[in-house]
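No hydrogens, no waters, no symmetry mates; every other heavy atom, side chains included, goes into these values. Quick caveat: nothing in here was measured; it's all calculated off a predicted structure. In each ligand, atom 1 is the first atom listed, and ligand 1 is the first ligand listed.
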Amino acid sequence: MGAFIVMEGIDGAGKSTQARLLAKWFEDKGYEVILTKEPTDTAFGKLIRRLVLTGGKEGIIDGSRISHEAEALLFAADRAEHVAKLIKPSLEAGKIVISDRYFYSSLAYQWARGLDLEWLIDLNRFAVRPDIVILLDLPVKESMKRINGRSIKSEFDKIAELQRRVRENYLKLAERFPEMRIVNALASVEDIHNDIVALVEHELFKD
Ligand SMILES: Nc1ncnc2c1ncn2[C@@H]1O[C@H](COP(=O)(O)OP(=O)(O)OP(=O)(O)O)[C@@H](O)[C@H]1O
Ligand SMILES: Cc1cn([C@H]2C[C@H](O)[C@@H](COP(=O)(O)O)O2)c(=O)[nH]c1=O
């Protein structure tokens, strides 16, 4: 049985923690698991980290900020490679694929940057749909505590405001995409893992 599971949520929501625990849960049951993430570790992902996600100099190229459209296209190019080279072949080989972020991140974040949601959905139409998307929902105040050391102090308010818009967007997307399931990410790591396992068992092993 191949299955595709995605973890989504604002920065610091606990996606990588929960993705790791879920991967171990499947491995303990004898499944072959591919644990992956976006942006990827390929040349495209590295380009994104260099051009878009570079701390204080975020998105600056030749002295000016790259456009949000260019950002969205870079994320989509990275995803196209991810789908073609890793996700599709792994699913076809019957593996469990768990991805920390996927196209829902583009919808939530690039929409929050002011891009048109329908354009973003069209741009990402090539992306194979997951069986289940776990949306780890966390109040921004808690996420800012968890990612505290990572951001520059003067940028704190700007980042918190973006995270607020992104969280709202995710909750709106969950009403539109039936594969999205909201999980309360304010609980303990263990309780969240148990909630995710219950959802996965219900969705993937229901027959
Ligand atoms: N349920 C939890 N309660 C308290 N702290 C947590 C919980 N889950 C994760 N953390 C801690 O919060 C921080 C962020 O967690 P993690 O890296 O898993 O989040 P993330 O969503 O993958 O973040 P990002 O999107 O920024 O990469 C880590 O220090 C982690 O140990
Ligand atoms: C895939 C994807 C990601 N982003 C943003 C979201 C986060 O702020 C960073 C990735 O950081 P992480 O610590 O590796 O999770 O990139 C985005 O804006 N659009 C996307 O499609």
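Close contacts of ligand 2 with D11, meaning ligand atoms under 4.0 Å from a residue heavy atom, involve 7 (C), 8 (O). Shown in contact with Q110 at under 4.0 Å from a heavy atom are these atoms of ligand 2, numbered in order with element: 17 (C), 18 (O), 19 (N), 20 (C), 21 (O).
Remark: ligand 1 and I147 share no N or O pair separated by less than 3.5 Å (distance only, no angle test). At least one N/O-N/O distance between G14 and ligand 1 falls below 3.5 Å. In terms of polar-atom proximity, K15 is counted as a contact of ligand 1, with an N or O under 3.5 Å from an N or O of the ligand. Distances between N or O atoms of S16 and those of ligand 1 include at least one value under 3.5 Å. Any N or O atom pair closer than 3.5 Å counts here, and E142 shares no such pair with ligand 1. Polar contact check, R79 against ligand 2: a nitrogen or oxygen pair lies under 3.5 Å apart.
Results of the side-chain hydrogen bond (donor to acceptor under 3.5 Å, both in side chains) test with S106 over R101, E71, R79 single out R79 as the only residue that passes.
Under a 4.0 Å heavy-atom criterion, S143 is not in contact with ligand 1. Contact analysis leaves G9 out of contact with ligand 1, as no non-hydrogen atom separation drops below 4.0 angstrom. Proximity of K37 to ligand 2 is not established, as no heavy-atom distance is less than 4.0 Å. Taking 4.0 Å as the cut-off, R49 counts as a neighbour of ligand 2 on heavy-atom distance.
Taking the six-membered ring where the residue is Trp, the centroids of Y109 and F75 are separated by 6.0 Å or more.
Side-chain atoms of Y170 and S105 form a donor-acceptor pair, as typed in the model, at a separation below 3.5 Å. Looking at Q110 and H68, their side chains never bring a donor and an acceptor atom within 3.5 Å of each other.
Contacts with ligand 1 closer than 4.0 Å are made by side-chain heavy atoms of R101 only, the backbone lying farther away. Contact annotation: for L186 versus ligand 1, there are no heavy atoms closer than 4.0 Å.
Taking a cutoff of 4.0 Å between a charged side-chain nitrogen and a carboxylate oxygen, K46 and D41 do not qualify as a salt bridge.
The heavy-atom pair separating K15 from E8 by the smallest distance is CD-C, 3.5 Å. What you find for S90 and I34 is that their closest heavy atoms are OG-CG1, 3.7 Å.
Of the options Y109, F75, Y102, the smallest heavy-atom separation from atom 6 (C) of ligand 2 is shown by Y109.
Residues E201 and W25 form a side-chain contact, since some pair of their non-hydrogen atoms from C-beta on lies under 4.5 Å apart.
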I'd like to know whether F177 forms a ring-ring contact (aromatic ring centres under 6.0 Å, His included) with Y104, so could you lay out the CA-CA distance, the side-chain angles of the two residues, the decisive distance to 0.1 Å, and finally the verdict.
CA-CA 10 Å; F177 291 90; Y104 309 86; 5.7 Å; yes

